[in-house]
S.K.: 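Have a look at this one.
Bear in mind that the values here come from a model prediction, so they are computed numbers and not experimental data.
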Amino acid sequence: EGDRAAFEEVYRRTAAKLFGVCLRILPGRAEAEEALQEVYLSVWRRAATFAADRGSPMTWLITLARNGAIDRLRASIGQRIAALEPGPAGAMARALTVGDQTALSKDDTDAMRISGLAHLLSISGLHIGMAAGLFFFGLRGLLALVPPLALRHPIKKWSALAAIGAAGFYSLLAGATVPTQRSFPMI
């Protein structure tokens, strides 16, 4: 009974903040509410794994909320890709976009491995660099279309900063795997 009362107190004190974290990442309120529920289920199940020497309880809760929301967003994008492009092409698109290789057939992964292209399935430098470059050149091109803005402001710097942010978001969306983390600072 004491654990339940303590959990209710934790919920009362943290729900608004954690809901805000989920709402900033996910597109809709309903999805953010579901993600928040999953966060508190995870907290209930994993409370014993909290290590006070590694950070504050709020930091741990925010990390759980952020990671849970990003996982939910990644799954949602993967489901949309699968709905728009079923079959092997959609599976490859999911692997390259959100790092979800579960839908790839064994034959496809074997073919990628035999041809020496299996490294492309790991979202790393190539993907992060392409995402940053596309975002940079796209935004810079759009800003250049507005002459008063392009002539009076440093649109190249703005585009570079926005591209770094976009690459960071893509890194998180792709799961922030070790190759992705190594590649991100090189941008």
S.K.: Using modelled atom types and a 3.5 Å cut-off, is there a donor and acceptor pairing between side-chain atoms of Arg74 and backbone atoms of Leu172?
M.R.: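 Checking the backbone N and O of Leu172 against the side chain of Arg74, a donor-acceptor pair under 3.5 Å is found.
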S.K.: For Glu8 and Arg4, run salt bridge (Lys or Arg N to Asp or Glu O under 4.0 Å): C-alpha distance rounded to whole Å, both residues' side-chain angles, the deciding distance at 0.1 Å, then the answer.
M.R.: CA-CA 6 Å; Glu8 287 174 4; Arg4 183 176 293 269; 5.2 Å; no
S.K.: Please indicate whether Gln37 has more than 12 foreign heavy atoms, meaning atoms of other residues, nucleotides or ligands, lying under 6.0 Å from its CD.
M.R.: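 It does not: Gln37 CD has 12 such atoms or fewer within range.
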S.K.: Below 30° counts as parallel, above 60° as perpendicular, anything between as tilted: where do the rings of Phe7 and Tyr40 land?
M.R.: perpendicular
S.K.: Please confirm whether the backbone N or O of Arg94 pairs with a side-chain atom of Thr97, one donor and one acceptor, at under 3.5 Å?
M.R.: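 Pair absent, no side-chain N/O of Thr97 close to backbone of Arg94.
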S.K.: For the atom pair CG (Asp108) and CE (Met92), what is the distance rounded to the nearest 0.5 Å?
M.R.: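 Answer for the CG-CE pair, Asp108 versus Met92, is 5.5 Å.
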S.K.: Who else is in the cluster with Leu145 when I, L, V, M, F, W and Y are joined by side-chain contacts under 4.5 Å?
M.R.: Leu142
S.K.: Applying ring pair (Phe, Tyr, Trp, His ring centres under 6.0 Å) as the test, list every pair that has at least one member in residues 94-114; sequence neighbours left out.
M.R.: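 Pairs touching residues 94-114 that pass the test: none.
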S.K.: Please walk me through it: do Arg46 and Leu64 pass side-chain contact (heavy atoms from CB on, under 4.5 Å)?
M.R.: CA-CA 11 Å; Arg46 297 174 47 195; Leu64 289 176; 3.4 Å; yes
S.K.: Give me the atom names and distance for the closest heavy-atom approach of Thr14 to Val10.
M.R.: OG1-O, 2.6 Å
S.K.: Any chance the side chains of Ser76 and Arg80 put a donor and an acceptor closer than 3.5 Å?
M.R.: yes
S.K.: Indicate the atoms forming the closest heavy-atom contact of Ala15 with Leu36, along with that distance.
M.R.: O-CD2, 4.0 Å
